[in-house]
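Below you'll find the structure, written out as structure tokens, and then a few comments.
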Amino acid sequence: MMAMSVMRSFTRNMATAATINNVVVVGGGLMGSGIAQVAAATGHNVTLVEMSDALVGKAIGGIRKSLERVAKKKFQDDPAKGQQFIDGTLAKIGGATQPETAVQGADLVVEAIVERMEVKHALFGKLDTAAPAHTIFASNTSSLSIAEIGSVTKRQDRFGGLHFFNPVPVMKLLEIIRTDQTSDATFQALQGFGQRLGKACITCKDTPGFVVNRLLVPYMAEAIRLLERGDASPRDIDTAMKLGAGYPMGPIELIDYVGLDTTCNILQGWHEKFPDNPLFVPIKTLQQLVADDKLGVKSGEGFYSYKKKCKSALQPHGKVSQFYTRPYFVRVLAMASSKISHVTVIGGGVMGSGIAMITAANGYRVTVVDVSEEALGRARRQVEKDLQRTTQYFSKGNDQVAEKLYSEATARLKYSTNLKEVAATTDLVIEAIVENLQLKQSLFKTLDQVRDSTRSVAPPHTILATNTSSLSVAEIGLSAERKDRIGGLHFFNPVPLMRLIEVVRTGETSDGTHETLLAFGKSLRKTCITCRDTPGFVVNRLLLPVTQEALAMVERGDASTHDIDVALKLGLGHPMGPFELMDIVGLDTVRPLIATRRLRDESHLDNGRSQTTSGPAPLSTDTMSEWEGIPCDLPAGVLQLENQVAGHTAAQGCLGLLKTATDGTILKPTGKVLCGLREIAFYERLEEMRARKQPPDDLWTTLCQVVPRYHGHPKLIIDGKVVEFVQLEDLTEGLERPCIMDVKIGRRTWDPLATPEKRQAEESKYKACRQRFGLCIPGFQVYSVRDGGQLIRHGKDYGKKLTEANIHDAFLLYLNATDDGRLSRPLLEHFLADLRRIRSWARKQTTHRLYSSSVLLVYDATRLGDPAPNPQRTSLSVQARMIDFAHAFPAEGDDADSVDDNYLQGVESLVAIFEQFLASGKAQFGYVRLDVEF
């Protein structure tokens, strides 16, 4: 019921927010102007305070330019409305140069001035005596203590933090900070204000850096330490985190944008406040760059140079070996194919089978080795399954090309249990067995040992590589003689989709071996980065400090696990929060790693500097990308839903709808966090009312009759990633030939939180049908009786071509009309029974606004020919159901007592179309079954 409490809190806080009408923003810089803009655009009266009239004019001029950009995108087809939007927003903004006068009528004052405590104290000391007693004060600080800022006032119960993110009109996240003295009423008012602005609000105590910066700074600091120790180059560190963890920007380039001086000052301040926390220890390399006035983008040079048109990496600072600064990326990739012909993959599990498949698909002969024929059988099935998906994807639907690619790749694949026989003819061995150091050491020793008096098991030229994600490559090869021909190839899961390989070199790996491994990885169409043999390599090494500090924040009560995850996803664009990540990896795995890290950190503090030590590496997180294709592995008992006709489908490279094999339900991914919360809240509220057994004429009773049954919101691990679903009744369960149509309802399909870009995109879709009927058809499938039972599927491209002139033809095709236009009367009557219930609800309900919601039409083509169909049987096979409530919003303000005209128009049109068919004289009580064997 968490989602229900979120929705109730949302509605309650929105009511509270109505008391905040007059907002004063002190400071007209980038942040202050952005805050003023979004406040005015959402109906608040705003006064923008600056030090002079010239600065006020400059700030409002900047807001005007920003609004013009928004209007250009939002009202591309109607410049007059765009100008009205600009003028209306600007009319809500006034300027002032005397803050004491400006705040006299304020409900809320937001400070956005320079980050200096004494300046903020001086400001709030003056405002406290001038502002009315009810006025709430808030600071937009990102690094100072809210309680300390508010300590000079006598209204510390009406003082809090509103930390917006830059650029304010674009960034959805808002951190709301409460001190120990912030009252509940003040906190709720700030929450309501933030939600009225359209922000996703998270709650945090008054802790340094709040949530986002508190976790961001240790992550950036650890990246600098990797660079300082010479573990990897700046470019490789950034590439690793973008491709391996799915982050939008690497840590080194992020530091350059934030400012090296800003990062250095934050670390220094936090170290003084928390001297025992090793994550905040100042870094000499960073301090030296700041002393040299290399501050990042703003100075033209930081870790990268920005003095030319193209960003270029500087000579790395610290102890990076000469190898990283040589232009090795320009070496010919053909060296891999010239030196490597036969690849042996040891271990046929998820990683091993993925490596084998992608290697064979790129032209290499591959032998998979495992301990038994049973294990090899599983590996073969997985390889062939992945290979079919891959060839279908790259052939773009051309079956002949796909078959050719598949047959050629499978011809290059072999499977064996005889390791020594296979290794005798191999050029590269990739080990992908269980993460056990002793087993891996024994394997490498076996491969390297002398087979007879003249040769070893693996030929002298053979390179031995490990796919370990957490063990030392050097330790794995400790017992082998060919230490110069040992390296690491750390692939990421799922291998066919993830683009990154961390190519790891030990202190004894030769340049030739390393360059061959790099070239091999690139020949697989992967992006390869170079890393020394340091615990966790790059990606896992940088994920651990974030995880460690996130756990500490929850232990201290600074923020909830949910809010921390939301903050990093919305504030930094991360695909997954740290607690979602820990759930994937397993808390039993995380706990000893955190303990090991703390022991190592304590040792670092004792020595007064940061050192690299041996021991277990940070957690393995080979699961951090967004969906880039069809999922490789589904949990037992879960299948892809083959009958999905619209939305984000597997055929489009998305996860798509799934179904359970046993209980007749489907699983719909919740998608974005807020969309998921809204949809779960809607269904849980509906189930709550269903359980109360409302009177037959109650609107909730009607709604329960036309919405699929809800079975909860389970979380499953798919391809190593935690995915939350809405579990619903499968309307096609038991149907032999399901005919399905998705009818999206509403002329407007974008919700109130949509960006201008999203609105523009939605406005252009299915325009002809939406404007005329208030509905559109994103997709449908039908088993066509007149075409011999052939399955016909039409998607969004078909739907976009429909107009007032031909939309009826689409419905006739879906309803299996005969050549002369005759239709099944029972089919129409059953559909109309449900559609009229939906219309009845839509004509009366005033509590919700539904955007991008659909009506799903379902029937079984095998029952159309029944001369006297059983009403009970037919009623089970013909259904019209309301679906998709991710954009269901509570009715508010002037709309609170009115019906949802946007939704009602579409439903009225849909009913009218079916009623026209029924009244046409061509609707019969079933027509003669054609000679079709289904």
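Quick caveat, the model's predicted, so the values are computed rather than measured. Side chains included, hydrogens not; waters and symmetry mates left out as well; all remaining heavy atoms used. Position 1 is the first residue of the sequence; numbering continues from there.
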For this session: Might you confirm whether atom CZ of Arg759 has over 12 heavy atoms from other residues, nucleotides or ligands at distances under 6.0 Å?
Result: yes
Exercise. Is a donor on one side and an acceptor on the other found under 3.5 Å between the side chain of Asp206 and the backbone of Ala147?
Worked result: yes
For this session: Identify the heavy atoms of Ala240 and Val538 that sit nearest to each other, and give their distance.
Result: CB-CG1, 3.5 Å
Problem set entry | Under-4.0 Å salt bridge between Glu111 and Arg116 | no
For this session: Decide if atom CE of Met117 counts as having more than 12 heavy atoms of other residues, nucleotides or ligands within a radius under 6.0 Å.
Result: yes
For this session: Measure up the Tyr247 and Tyr219 rings against each other and bin them: parallel (under 30°), tilted (30 to 60°), perpendicular (over 60°).
Result: perpendicular
Problem set entry | Atom pair CD1/SG of Ile146 and Cys204 - distance to nearest 0.5 Å | 10.0 Å
Exercise. Are there more than 12 heavy atoms of other residues, nucleotides or ligands under 6.0 Å from atom NZ of Lys298?
Worked result: yes
Problem set entry | Where Pro278 and Arg225 come nearest, the two heavy atoms and their spacing | O-NH2, 3.7 Å
Exercise. Looking only at heavy atoms, which two atoms of Phe159 and Thr186 are closest? And how far apart?
Worked result: N-CG2, 4.2 Å
Exercise. Is Thr97 reaching over with its side chain to a backbone N or O of Ser52, donor-acceptor style, under 3.5 angstrom?
Worked result: no
Seminar exercise, completed: CG of Asp256 to CE of Met220, rounded to nearest 0.5 Å, is 10.5 Å
For this session: Test side-chain contact (heavy atoms from CB on, under 4.5 Å) on His44 and Thr42 and set out the steps.
Result: CA-CA 6 Å; His44 299 86; Thr42 49; 3.2 Å; yes
Exercise. Can you find a heavy atom in the side chain of Pro169 that is under 4.5 Å from one in the side chain of Val70?
Worked result: no
For this session: Using a strict cut-off of less than 4.0 Å between a Lys/Arg side-chain nitrogen and an Asp/Glu carboxylate oxygen, indicate whether Lys569 and Glu580 qualify as a salt bridge.
Result: yes
Exercise. With no hydrogens and no angle check, is any side-chain donor or acceptor of Asp128 less than 3.5 Å from a backbone partner on Val152?
Worked result: no
Problem set entry | Spacing of CD1 belonging to Ile224 relative to CZ belonging to Phe303, to within rounding of 0.5 Å | 4.0 Å
Exercise. Is there side-chain contact between Val24 and Thr135, with heavy atoms separated by less than 4.5 Å?
Worked result: no
Exercise. Does Phe889 have its ring centroid less than 6.0 Å away from the ring centroid of His887?
Worked result: no
Exercise. Does one side chain, of Asp184 or Gln188, offer a donor that lies under 3.5 Å from an acceptor on the other?
Worked result: no
Exercise. Is there a donor-acceptor contact under 3.5 Å from the side chain of Asn277 to the main chain of Leu279?
Worked result: yes
Problem set entry | Polar side-chain atom of Thr182 near backbone of Arg178 as donor-acceptor pair, under 3.5 Å | no
Exercise. Leu127 versus Val109: any side-chain heavy-atom pair under 4.5 Å?
Worked result: yes
Exercise. Is any side-chain N of the basic residue among Glu228 and Lys284 closer than 4.0 Å to the acidic one's carboxylate O?
Worked result: no
Problem set entry | Greater than 12 external heavy atoms within 6.0 Å of Glu68's CD | yes
Problem set entry | N/O donor-acceptor pair under 3.5 Å between Tyr304 side chain and Pro234 backbone | yes
Exercise. Hey, is the main chain of Gln156 close enough, under 3.5 Å, to the side chain of Gln181 for a donor-acceptor pair?
Worked result: no
Problem set entry | Side-chain heavy-atom pair Leu551, Phe579 within 4.5 angstrom cut-off | yes
For this session: Please name the pair of heavy atoms, one in Phe193 and one in Ala39, separated by the smallest distance, quoted to 0.1 Å.
Result: CZ-CB, 4.5 Å
Exercise. Are there more than 12 heavy atoms of other residues, nucleotides or ligands under 6.0 Å from atom CZ of Arg556?
Worked result: yes
For this session: Answer yes or no: is there a side-chain heavy-atom contact under 4.5 Å between Ile255 and Leu260?
Result: yes
Problem set entry | Short side-chain to backbone donor-acceptor contact, His121 and Glu148, under 3.5 Å | yes
Exercise. Of all heavy-atom pairs between Met171 and Leu570, which one has the smallest distance, and what is that distance?
Worked result: CE-O, 3.6 Å
Seminar exercise, completed: The single option from Asp563, Val566, Leu190, Leu174 that satisfies side-chain contact (heavy atoms from CB on, under 4.5 Å) with Cys201 is Leu174
For this session: Check the side chains of Glu115 and Thr141 for a donor-acceptor pair under 3.5 angstrom, ignoring hydrogens and angles.
Result: yes
Seminar exercise, completed: d(Lys72 NZ, Gln760 CD) to nearest 0.5 Å is 10.5 Å
Problem set entry | Minimum-distance pair of heavy atoms, taken over all atoms of Met249 and Leu254 | SD-CA, 3.5 Å
For this session: State plainly whether the residues Lys242 and Glu253 are in salt-bridge range, i.e. N to O under 4.0 Å.
Result: yes
Exercise. So how far is it from Lys65 NZ to Ile86 CD1, rounded to the nearest 0.5 Å?
Worked result: 13.0 Å
For this session: Any chance you could lay out the side-chain contact (heavy atoms from CB on, under 4.5 Å) test for Gln37 and Val168, step after step, and finish with the verdict?
Result: CA-CA 9 Å; Gln37 177 181 326; Val168 178; over 6 Å; no
For this session: Check whether the side chains of Asn22 and Asn45 place a donor and an acceptor atom closer than 3.5 Å, and report yes or no.
Result: yes
Exercise. For Ala41, does its backbone N or O pair with a side-chain atom of Thr89 as donor and acceptor, under 3.5 Å?
Worked result: no
Exercise. Within the distance-only criterion (no hydrogens, no angle test), does the side chain of Glu175 pair as donor or acceptor with the backbone N or O of Val212 below 3.5 angstrom?
Worked result: yes
For this session: Test side-chain contact (heavy atoms from CB on, under 4.5 Å) on Leu108 and Leu162 and set out the steps.
Result: CA-CA 11 Å; Leu108 171 67; Leu162 290 173; 4.3 Å; yes
For this session: Kindly indicate whether the side chain of Leu568, heavy atoms from C-beta on, has any atom under 4.5 Å from the side chain of Pro578.
Result: yes
